[in-house]
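Working notes for the structure below.
Owing to the predicted nature of the structure, the values given are computational and were not obtained by experimental measurement.
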Amino acid sequence: MKTKSRRERLRSLIQTRGFVALGELAESLQVSESTIRRDLEQLEHSGDARRTHGGVFWTGSPSTMRVFGNRRDTMWAAKSSIGRIASELVEDHDTILLDGGSTTYELARHLVKRPLQVVTNSLPVAHLLSSSESIDLIMIGGSVRGRTAVAIGPMADTMLRTLSVGKLFLSVAGITERGCFNSDMMLVESEKAMIAAADQVIVVSDSNKFGKVSLSRICGLGDVNALVTDSGIHSEWKQRLETAGVGLVLAKVPDASNREQPTKPEQKTRDQN
């Protein structure tokens, strides 16, 4: 089997199964484990897989839920960096709640091997973490939004009211001086229940979301403990967050300075997190 064909087959096997032992991969592809390790370096470099003791986890887009596949935009590098930096705010054995969204999915990719208790309403996040032996995964039930693959509604809200978590990582569609926003009113109600269940609220958002307002307000800036964004954030917003008492964590992104947005009047947006 040629190298390119073997690597495509390797990628497909890991994506389909979620976790595969190195010995199984070597047997399936009829090559040595040393060859498999070299092939895996490429997958790890692209962020699609992560090796652990005796095997490898799939950390790329879900094989059966390509929710974000057609939504990769110019901010995806920023979202990936935000996810990596946000993962450093998570300590081993934490109990955390992950909201649905492309940025929280990027965060989840960096948590696959960590010993954690994770609650989520996101099918893609749950699918990603379900193969991890180190993660105690709790899935929120409810009505599932097809476009975003998140569980929301009265059933989700009722379950959230019975839970208590240390940290909530929240994805939003817009941030203004009035707070954080999303365009789905039912989702916002579930996100309010998430905030009530958490000791700390951490918003993960790329810098393009600042100055934008959406249909429904999730919370005020004063309800947010920390905000993780990319280094493209405008200096005026840094000052506003400091004034509001929000801890700011910046993820460095190449050429982020070229994307700095001047402070503008609030803009209506229907963008999803």
Could you pull out all residues at least two apart from Asp94 that satisfy side chain to side chain donor-acceptor pair (under 3.5 Å)?
Lys167

How many angstroms lie between OG in Ser190 and CE in Met155, if you round to the nearest 0.5 Å?
11.5 Å

Treating Ser132 as the side-chain partner and Val112 as the backbone partner, does any N or O pair qualify as donor plus acceptor under 3.5 Å?
yes

Donor-acceptor pair, side chain of Thr120 and main chain of Leu98, under 3.5 angstrom
yes

Lys209 and Ala173: which non-hydrogen atoms are nearest, and at how many Å?
CD-O, 3.3 Å

How long is the straight-line distance from CG of Asp206 back to OG of Ser80, given to the nearest 0.5 Å?
12.5 Å

What's the verdict on side-chain hydrogen bond (donor to acceptor under 3.5 Å, both in side chains) for Ser102 and Glu106, showing C-alpha distance, side-chain angles and the deciding distance?
CA-CA 6 Å; Ser102 53; Glu106 289 298 308; over 6 Å; no

On a heavy-atom basis, the closest approach of Glu177 and Arg240 is OE2-NE, 3.5 Å

Residue set satisfying side chain to side chain donor-acceptor pair (under 3.5 Å) with Thr158, at least two apart, ordered chain then number -> Arg161

Would you please test Leu227 and Trp237 for side-chain contact (heavy atoms from CB on, under 4.5 Å) and show each step?
CA-CA 11 Å; Leu227 193 149; Trp237 268 107; over 6 Å; no

Heavy-atom nearest pair, Ser207 first then Asp230, reads N-OD2, 2.7 Å

Give me the atom names and distance for the closest heavy-atom approach of Leu107 to Gly83.
CD1-O, 3.5 Å

d(Ser28 OG, Arg9 CZ) to nearest 0.5 Å is 6.5 Å

Among all residues two or more places apart in sequence or in another chain, which pass the side chain to side chain contact (heavy atoms under 4.5 Å, CB included) test with Ser32?
Ser34, Thr35

Can you list every pair that meets salt bridge (charged side-chain N to carboxylate O under 4.0 Å, His left out) and has a residue in residues 34-43, with sequence neighbours left out?
Arg6-Asp39, Arg7-Asp39, Glu33-Arg37

Any donor-acceptor N/O pair, Thr162 side chain to Met159 backbone, under 3.5 Å
yes

Would you check if Ile152 and Glu189 make a side-chain contact, meaning some heavy-atom pair closer than 4.5 Å?
no

Please report the shortest heavy-atom distance between Ser216 and Met185, naming the atom on each side.
CB-CG, 4.1 Å

Asn225 to Val201 - nearest heavy-atom pair and separation
OD1-N, 2.7 Å

From CA spacing to verdict: side-chain contact (heavy atoms from CB on, under 4.5 Å), Ile96, Leu111
CA-CA 11 Å; Ile96 65 172; Leu111 301 177; 3.7 Å; yes

Just do the side-chain contact (heavy atoms from CB on, under 4.5 Å) check on Leu10 and Leu40 with the steps written out, would you?
CA-CA 8 Å; Leu10 173 72; Leu40 288 175; 3.9 Å; yes

Has the side chain of Ser214 got a donor or acceptor atom that lies under 3.5 Å from a matching backbone atom of Ser183?
yes

Can you tell me which residue pairs pass the salt bridge (charged side-chain N to carboxylate O under 4.0 Å, His left out) test with a partner in residues 113-134, sequence neighbours excluded?
Asp92-Arg114

Hey, mind stepping through Phe210 and Leu241 against side-chain contact (heavy atoms from CB on, under 4.5 Å) and telling me if it holds?
CA-CA 11 Å; Phe210 287 89; Leu241 293 171; 4.1 Å; yes

Counting distance only, does the side-chain N/O of Thr104 pair as donor-acceptor with the main-chain N or O of Gly101 below 3.5 Å?
yes

Leu248 and Ile175: same hydrophobic cluster, using ILVMFWY side-chain contacts below 4.5 Å?
yes

Min side-chain heavy-atom separation Val249-Ile202 under 4.5 Å:
no

Under 3.5 Å: donor-acceptor pair, side chain of Ser122, backbone of Val150:
no

Find the distance between NE2 (His127) and OH (Tyr105) and round it off to the nearest 0.5 Å.
8.0 Å

Find out whether Glu236 and Gln239 are in side-chain contact, i.e. whether some heavy atom of one side chain is under 4.5 Å from a heavy atom of the other.
no

Nearest 0.5 Å please: distance from the CG atom of Leu170 over to the CE atom of Met194.
7.5 Å

Measure from the side-chain N and O atoms of Asn121 to the backbone N and O of Gly100, and report whether any donor-acceptor pair falls under 3.5 Å.
yes

Under 4.0 Å between a Lys/Arg side-chain N and an Asp/Glu carboxylate O for Glu8 and Arg11?
no

For residues 135-143, which side-chain donor-acceptor pairs fall under 3.5 Å, sequence neighbours excluded?
unit_1	atom_1	unit_2	atom_2	d
Asp136	OD2	Gln117	NE2	2.7

Counting C-beta onward and ignoring hydrogens, is there a side-chain heavy-atom pair between Leu116 and Leu129 closer than 4.5 Å?
no

So how far is it from Leu29 CG to Ile36 CD1, rounded to the nearest 0.5 Å?
4.5 Å

Is it the case that more than 12 heavy atoms not belonging to Glu27 sit under 6.0 Å from its CD atom?
no

Under a 3.5 Å distance rule, please check whether Asn182 uses its side chain to pair with a backbone N or O of Asp184 as donor and acceptor.
no

